[in-house]
There are 2 protein chains.
Amino acid sequence: MRTRDLFERHRLRCTCQRLALYEALKASTNHPTAEELYRVVKPQAGRLSLATVYNTLEALCKVGLARKMPTTNGSCRYDADTNEHSHVRLRETGEIRDLPAELSERLVRELPRHIIAEIEQRLGVKVYGAKVQLLARWANRSD
Amino acid sequence: MRTRDLFERHRLRCTCQRLALYEALKASTNHPTAEELYRVVKPQAGRLSLATVYNTLEALCKVGLARKMPTTNGSCRYDADTNEHSHVRLRETGEIRDLPAELSERLVRELPRHIIAEIEQRLGVKVYGAKVQLLARWANRSD
DNA sequence: GTACGTGCAAAATGTTTGCATCATT
DNA sequence: AATGATGCAAACATTTTGCACGTAC
C-alpha cells in the first residue's frame, strides 16, 4: 500500500516530512534513534527539524505505525515494522539488531512446548506468539 | 548473607551510602528510579547526593548486584534482582505479567542451543542472556 | 479558511563529570 | 598512607514545549 493511503487511513496529514520519515523508518534495518533518523532524512527532506522527527514518531506510534522501544543508555529507538520479531541487543552500544527473519522464526518455533503449555495452564492464558530478546556483546572485543 | 560480606566479595567499599542504597533497593517491591531511591534513602542516610545514587547503582550493576531497566518515558528503573525475567503480554489490555521465576528460568535455559549458536556466528556476537516475551490472550474469555 | 504541522530556540528532564574533600581499607 | 567514594555544581544529552509561520485539507 502506498504510504499516502496508509496515512489517510489513519487520519495523518501527508506532509513531505512525515512521508519521508516513515519511508526511512520502514527502510532501515536497525532500529534508529530519532537523531539517526534525522541525520538520514534531513539531506533529502530539505526543511526538517529534530522536533518534527519527535512529533512525527509520536504520531506514528499513536496510530500503531511505529513502535518506540526503550534502551538503557539514553535515547529511545524506533521501529516501523508492525509484526513482532526477535532481536539482539548489544550491551555496549545499546544498539538493537533484528535477527535474520529465518533465524527469528526458527527460534520462536522451537521454544520448548511443554514449558509454554505449563505457563498457559498456570496463568490461564493462550499464547499465540513470542518474541525473544537476546542480550549479547561483541564476540571479538572485550570491553 | 550480610550486605557487608556481599560487598566485600565484590570488592565494593562498604560506605554507609552504598549499604543503605542496596538495602533499600532490595527491599523495594516496585523497581525504583534513581530519583525515587534517593528520596527514600536520603532521610536515613544523612549525607547523600543524587550523583552518589547513580554512581552506586552503576557500581552495583557492574558487579551484577543490580540491573538497570529501560523505560520508554525518560528515567531508567533499577532492580536488585540479578536475573532477567521473561513476561507475558496480554493482547487485550497490554498488561504485562512477570512469569513465575522458575518458569522464566526454564524457558530461557531451554532455548534451542543450535539456533543461538548460529546467531552468534552469523552476527559475530556472544549471547550472554535472553528474555522472552510471550504474546497471549485470556484462555477463557473472548474479548 | 481552518486546523494542524513545522522550525526554531528555549526549557525541562535525566544522567554524567570535574574537582576538592572525606572515609574505608 | 593510599585508594577510592562523596558532595556539589556545572556540563551534557535527550526529549518536550511555546510560539509564529506555513501547508494540507
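In what follows, chains carry the letters A, B, and so on, assigned in the order in which the sequence lines appear, proteins first and then strands, with residues in each chain numbered from 1.
Contact annotation: Thr52(B) side-chain N/O to dG7(D) OP1/OP2 distance is under 4.0 Å. OP1 or OP2 of dT6(C) lies within a sub-4.0 Å distance of a side-chain N or O belonging to Arg18(A).
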> Quick one: what's the B/S/- string for nucleotides 19-25 of chain D, heavy-atom cutoff under 4.0 Å, read 5' to 3'?
Replying inline: -----BS

>> Output one letter per nucleotide in nucleotides 13-18 of chain D: B when a protein non-hydrogen atom lies under 4.0 Å from the base, S when only the sugar-phosphate is that close, - when neither is.
In response: -SSBB-

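Looking at Thr52(B), its side chain never comes within 3.5 Å of a backbone N or O of Leu48(B) through a donor-acceptor pair. Proximity of a side-chain donor or acceptor of Gln17(B) to a complementary backbone N or O of Arg47(B) within less than 3.5 Å is detected. A distance-only check finds no donor-acceptor pair linking the side chain of Lys68(A) to the backbone of Glu58(A) [under 3.5 Å]. Side-chain atoms of Ser86(A) never come within 3.5 Å of backbone atoms of Ser104(A) as a donor-acceptor pair (strictly under, hydrogens ignored).
In this structure Glu35(B) satisfies the salt bridge (Lys or Arg N to Asp or Glu O under 4.0 Å) test together with Arg39(B), sequence neighbours excluded.
Gln17(B) has its CD atom 6 Å from the C1' atom of dT6(D), to the nearest Å. Distance, Tyr22(A) OH to dG5(C) P: 17 Å, rounded to whole Å. For Tyr38(B) and dG14(C), the OH to C1' distance is 15 Å, given to the nearest whole Å. Atom P of nucleotide dC4(C) and atom CZ of Phe7(A) are separated by 17 Å, given to the nearest angstrom. Here dT6(D) presents its P atom at 11 Å from CG of Leu57(B), a figure rounded to the nearest Å. What separates CG of Leu48(B) from P of dT21(C) is a distance of 21 Å, to the nearest Å. Taking atom CZ on Arg11(B) and atom P on dG4(D), their separation rounds to 12 Å, with Å as the unit. Distance CG (Leu21(A)) to C1' (dT6(C)): 12 Å, rounded to an integer number of Å.
Other residues, nucleotides and ligands place more than 12 heavy atoms under 6.0 Å from the CD atom of Glu102(A).
Between Ala66(A) and Leu25(A), the shortest heavy-atom contact is CB-CD2, 3.9 Å. In this structure, Ala80(A) and Tyr22(A) approach most closely via the heavy-atom pair CB-CE1, 4.3 Å. Closest approach of Arg18(B) to Leu12(B), counting heavy atoms only: NH1-CD2, 3.9 Å.
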